[in-house]
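Reviewing the structure listed below.
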Amino acid sequence: MRHSHGPGDQAAMDRYDAAKIEPKWQQAWDSAGCFAAKADPSRPKYYVLEMFPYPSGNLHIGHVRNYAMGDVVARYKLATGHAVLHPMGWDAFGLPAENAAIERGVHPGDWTYANIDAMKSQFARLGLTLDWSREFATCDPEYYGQQQSMFLDFLEKGLVYRKNAVVNWDPVDMTVLANEQVEDGKGWRSGATVERRELTQWFFRISDYAEDLLAALDRLDDWPEKVKSMQRNWIGKSRGLQFAFGLDGGPDGHDRIEVYTTRPDTLMGASFVGISPDHPLARALEADNADLAAFSAECRRMGTAEEELEKAEKRGFDSGLSVRHPFDTARTLPVYVANFILMDYGTGAIFGCPAHDARDLEFARKYDLPVVSVFEPSSGTHTAPEEGGAAYVPPKTEAVRYIRGFAGTEHQTGEAAIDAAIDFCEGNGVGLGVTKFRLRDWGLSRQRYWGCPIPVVHCDGCGVVAEKKENLPIELPRDVEFDRSGNPLDRHPTWRDVPCPSCGQPARRETDTMDTFVDSSWYYARFTSPGATTPTDPDESAYWMNVDQYIGGVEHAILHLLYSRFFARAMHICGHLPAKAIEPFDALFTQGMVTHEIYQTRDAQGRVVYHFPHEVTDKKLADGTPVGVIPSAKMSKSKRNVVDPVEIIDRFGADTARWFVLSDSPPERDVEWTDAGAEAAAKHLARVYRIALAARDAEQAGTGDADLRCETHKAIHDVTVGIESFGFNAAIARLYAFANTLSKSRAGRSAQIEAARTLAQLMSPMTPHLSEEIWQMLGGEGLIALAPWPRADPALLIEDEITMAVQVNGKRRDEITVARDLPKDQVETLALGSEAVRRSLDGKAPKKVIVVPGRIVNVVV
RNA sequence: GCCCAGGUGGCGGAAUGGUAGACGCGCUGGCUUCAGGUGCCAGUGGCCGCAAGGCCGUGGAGGUUCGAGUCCUCUCCUGGGCACCA
């Protein structure tokens with residue numbers, strides 16, 4: 001039961017009541033339509049975007065932080081006269097919907113759209129400046145139809161192609177599994193041993209752009225270094241030597257093995273050659289070697305996840321073949337099929353140099369192969385690997401002494417030796433220096449229902465035929481069943497049957513759908529013209545692109561952001577984005593998580609039991625059982641350390657939630673959610689409201705009007721700098737300080753009202769509802785959301801008097817207050833005259849006095 | 001192993017090479033209130049001291065500087081990312 005109010009909406013509350021004011025102002029913004037993005041040539045444009053959410057049905061507190069940050073930026077840019085685009089949509093395709101269908105019998109579409117409705121109403125309570133008129137979900141046929149149309153454009157430009165690739169195949173569920181669905185080599189649902197199976201799949205030619213995607217990172221000045229370096233590593237550019245070993249006694253057509261090495265300088269230490277089980281030679285040998293076939297089959301049973309390969313023991317199978325060393329043809333090296341060599345990287349074959357590679361050494365010791373050092377430290381001693389030491393792998397930049405080098409000088413760095421070795425080899429007709437990238441092409445085929453259908457048709461006569469654009473969108477059929485294993489599209493009675501777009505004969509529709517990363521690789525562009533009948537509208541994308549500020553979690557540092565960068569390039573090639581948009585995100589900010597303590601007890605069997613925060617008071621359960629407290633960690637349902645934003649908003653209001661998630665930590669770092677902190681935030685907002693009431697009711701005349709004005713302008717300056725530099729926590733700290741100043745001020749009414757209105761404005765990006773309420777109460781014109789941002793008067797920022805610390809030998813002894821522009825020598829005299837300074841000097845004569853104007857005086861003896 | 005961030009009060013965290021600990025939480029004391037998620041005032045790094053004041057203090061060890069949390073060298077610890085990548 002809330003207390004009563006004065007009559008009518010215009011009367012101010014006597015107490016801050018979030019539940020009362022928040023819906024009111026949300027409605028006011030809504031009916032003023034102030035957040036609908038409108039192109040306006042008279043203003044600079046600003047596109048702020050937060051990574052759109054997966055519609056799980058529940059907003060979590062991490063979302064609140066993410067969107068609160070974007071909203072601060074959006075509101076600030078709005079107030080500083082920008083035409084702001086701040087859209088929101090849904091990353092709505094993907095596995096959870098299919099899982100829900102399997103587990104609960106709901107249709108993935110119904111489940112998804114119901115979740116979107118639920119989440120949208122949760123969003124509404126946050127009071128964000130979102131332009132909902134541009135909303136779309138990636139599972140809307142209008143959206144994915146345009147995606148299909150772009151797929152066809154990409155196909156025409158050669159940006160998509162088909163090739164065979166290995167997938168995780170669950171033989172019981174008859175389905176392809178994502179890496180995360182494979183646990184210990186078993187399918188997560190069926191428990192069946194997962195096989196590696198080769199399927200023909202669609203790929204984007206992202207690797208053709210590896211060099212460009214790498215080089216362009218250097219120009220992304222407003223991206224975090226961390227993200228750029230993660231992308232650099234992922235792209236993985238390397239320079240090395242590719243050459244062939246002559247093979248003796250191989251099967252027909254196999255008289256050489258191509259290898260790639262980044263360490264050609266270690267060639268004289270080579271003691272074996274390893275090839276991937278998927279290498280053509282291994283496949284040829286398998287045919288009449290049952291043991292090898294069994295070994296390879298076992299290797300293939302491992303998942304395709306790299307971590308999994310990593311954990312596996314390094315094993316090899318001696319093929320019985322051998323190759324000749326290129327520089328010493330009398331020497332032969334055995335050829336092993338090895339489980340740790342990937343067909344996808346380099347040539348699928350390596351030479352092993354056990355002395356200078358830990359993995360090769362492990363392998364050599366296991367199979368009793370020679371270990372031959374090529375170089376040793378330039379100085380000092382070390383235990384050579386041949387004498388039981390570890391593999392010697394110094395940084396490539398370190399100079400070492402080559403004992404079996406064949407190019408360059410005796411003492412040189414690895415880098416120099418590699419270059420010399422490549423030159424030498426090329427000069428002697430042994431191989432070629434080549435640059436390779438770790439980045440592989442992006443496989444987009446998914447053997448699933450709830451994704452964007454790939455718009456091609458398989459015709460017995462014409463092969464793979466692109467669908468006609470006028471037939472788009474190729475919509476997913478609604479009548480599907482999830483009660484059996486496999487892809488529902490595959491066994492749909494009619495959906496697959498279509499005439500060939502080319503010859504008209506009966507043909508089959510492709511039943512694979514697209515990876516959901518495709519959906520999220522261009523949504524930012526679609527927001528510029530969500531209703532267009534082409535993927536984008538040239539005028540709109542020319543006006544709104546690029547995204548000026550993109551905000552999201554660092555977990556998307558690599559894939560989503562790299563794919564989007566590729567996609568923007570591809571869209572440009574097909575005429576869907578202007579050249580300036582090939583790097584679609586001008587500035588990127590990666591925000592930290594919201595964490596929470598974890599509470600646990602143990603049951604009778606000693607198993608850990610987790611407890612919700614609301615069950616715990618003073619580190620005890622209701623029945624008095626003491627609770628173990630584990631330091632803050634990422635919120636997770638299983639750990640029960642989650643806070644529900646809806647509950648928080650019910651209890652404190654959206655402004656409090658927004659204020660708190662921004663206040664306690666720098667935005668790029670994690671913030672710990674604490675109940676005490678949230679309560680403190682709520683109390684502070686209530687206090688700000690009281691301060692505003694007090695300003696309204698202040699005496700007409702008071703003292704310190706000028707001082708309060710100066711303080712107000714200093715606050716404007718500091719808060720503005722804080723917001724512009726993403727120092728939201730610093731801006732909020734400054735707002736606390738300013739509120740304290742105002743509450744203590746004895747200034748007259750008009751000065752106080754001006755200060756309180758400014759306080760409300762400066763807070764409005766974080767606490768928009770409260771700010772509107774105060775603005776209205778204090779007679780502000782129109783909506784605060786549309787009011788121009790206050791400007792600090794530089795003249796008011798300058799202090800007449802300043803306090804300077806006085807040090808003796810670098811230790812603070814006193815402080816003096818002097819006129820701002822007092823000449824140095826007079827400052828010096830004042831400092832030396834200080835009682836405390838004289839005491840510290842203890843009669844000694846100062847050797848030197850350093851005066852830093854406006855800052856400090858240091859007396860040196 | 002490699003690459004990034006970070007180590008500052010009881011806690012979250014501030015500090016263009018210039019008064020370390022802003023601001024908040026917590027805590028202590030006082031006042032206030034129809035005790036309605038109270039409000040206000042004061043204090044709060046450690047040690048010594050009644051106080052004035054002094055000494056110590058930003059993971060550790062050195063260094064540069066009139067002056068170092070900040071710069072340099074070495075080192076320890078924590079968090080994150082990457083990796084059978086040839």
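Below, chain A is the first sequence line, B the second, and so on; all start at residue 1. The structure presented is a predicted model; accordingly, all values stated were derived computationally and were not measured.
When heavy atoms are screened at a 4.0 angstrom cut-off, A:Asn740 is found touching the sugar-phosphate backbone but no base atom. Here A:Val852 lies in heavy-atom contact (under 4.0 Å) with a base. Heavy atoms of A:Thr803 sit under 4.0 angstrom from at least one base atom. If you check every strand for non-hydrogen atoms under 4.0 Å, A:Arg690 touches sugar and phosphate atoms only. No engagement by A:Glu225 is indicated, since no non-hydrogen atom pair under 4.0 Å with the nucleic acid exists. Residue contacts shown for A:Lys811 are limited to sugar-phosphate atoms, with no base heavy atom under 4.0 Å away. Note on A:Leu735: nothing from the nucleic acid sits closer than 4.0 angstrom, heavy atoms only. Looking at heavy-atom distances under 4.0 Å, A:Lys683 makes contact with sugar-phosphate atoms alone, never a base.
Ring geometry, A:Tyr367 versus A:Tyr336: the interplanar angle falls from 30° to 60°, so the pair is classed tilted.
Both A:Arg839 and A:Thr674 sit near RNA chain B, but only A:Thr674 has its closest nucleotide nearer the 5' end.
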Checklist entry - Going through the distances and angles, do A:Tyr736 and A:Phe738 end up as a ring pair (Phe, Tyr, Trp, His ring centres under 6.0 Å)? => result CA-CA 5 Å; A:Tyr736 269 105; A:Phe738 181 46; over 10 Å; no

Item to check | Residues A:Phe363, A:Phe340; criterion ring pair (Phe, Tyr, Trp, His ring centres under 6.0 Å); working and verdict | outcome: CA-CA 10 Å; A:Phe363 193 82; A:Phe340 60 88; 5.5 Å; yes

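Between the side chain of A:Asn233 and the base of B:rC82, no donor-acceptor pair under 3.5 Å is found.
Distance from the side chain of A:Arg440 is smallest for B:rC85 among the nucleotides B:rC85, B:rG24, B:rC66. Taking the side chain of A:Arg651 as heavy atoms from C-beta on, and the options B:rA14, B:rG37, B:rC85, the nearest nucleotide is B:rG37. Picking from B:rA86, B:rC55, B:rA22 the nucleotide with the shortest atom distance to the side chain of A:Arg813 gives B:rC55. The listed nucleotides are B:rU19, B:rC25, B:rG54; the one nearest the side chain of A:Glu815 is B:rU19. Closest approach to the A:Arg438 side chain among B:rA83, B:rG18, B:rG12 is made by B:rA83 (side chain taken as heavy atoms from C-beta onward). In this structure, the nucleotide among B:rG12, B:rC40, B:rA86 sitting nearest to the side chain of A:Thr262 is B:rA86. Of the candidate nucleotides B:rG67, B:rG13, B:rG53, B:rG13 has the atom lying nearest to any side-chain atom of A:Asn729. The side chain of A:Phe652 sits closest to B:rG37 out of B:rA14, B:rU16, B:rG37. The A:Tyr736 side chain lies nearest to B:rC23 when the options are B:rA14, B:rC82, B:rC23. In the set B:rC41, B:rG18, B:rC4, the nucleotide with an atom closest to the side chain of A:Lys226 is B:rC4.
A:Arg256 CZ: 12 or fewer foreign heavy atoms inside a 6.0 Å radius.
Side-chain contact annotation: A:Arg813 with A:Ser834, donor-acceptor N/O pair under 3.5 Å absent. Between the side chains of A:Asp670 and A:Thr595, not a single donor N or O lies within less than 3.5 Å of an accepting N or O. In this structure, a donor-acceptor pair under 3.5 Å is present between the side chains of A:Ser238 and A:Tyr260.
When both pairing distances are held under 3.5 Å, B:rU38 makes no Watson-Crick or G-U pair with any nucleotide shown. Look at B:rG62: its Watson-Crick or wobble partner, with both distances under 3.5 angstrom, is B:rC72. B:rG67 is unpaired under the criterion used here, namely a Watson-Crick or G-U wobble arrangement in which both key atom distances are under 3.5 Å. Pairing of B:rA83, defined by two Watson-Crick or G-U wobble distances under 3.5 Å, is not identified with any nucleotide. The partner of B:rU78 is B:rA5, judged by Watson-Crick or G-U wobble contacts that both fall below 3.5 Å. Nucleotide B:rC50 is matched to nothing when pairs are restricted to Watson-Crick or G-U wobble geometry with both distances under 3.5 angstrom. Judged by Watson-Crick or G-U wobble contacts below 3.5 Å, the nucleotide B:rC23 has B:rG12 as its partner.
Separation of the C1' atoms belonging to B:rA22 and B:rU8 is 13 Å when rounded to the nearest angstrom. With both ends at atom C1', the span from B:rG39 to B:rG6 equals 39 Å, rounded to whole Å. Comparing the same atom, P, in B:rG63 and in B:rG24 gives a spacing of 40 Å after rounding to whole Å.
In this structure, A:Arg687 reaches the B:rC40 phosphate: one of its side-chain N or O atoms is under 4.0 Å from OP1 or OP2. Residue A:Ser665 places at least one side-chain N or O under 4.0 Å from the OP1 or OP2 atom of B:rG13.
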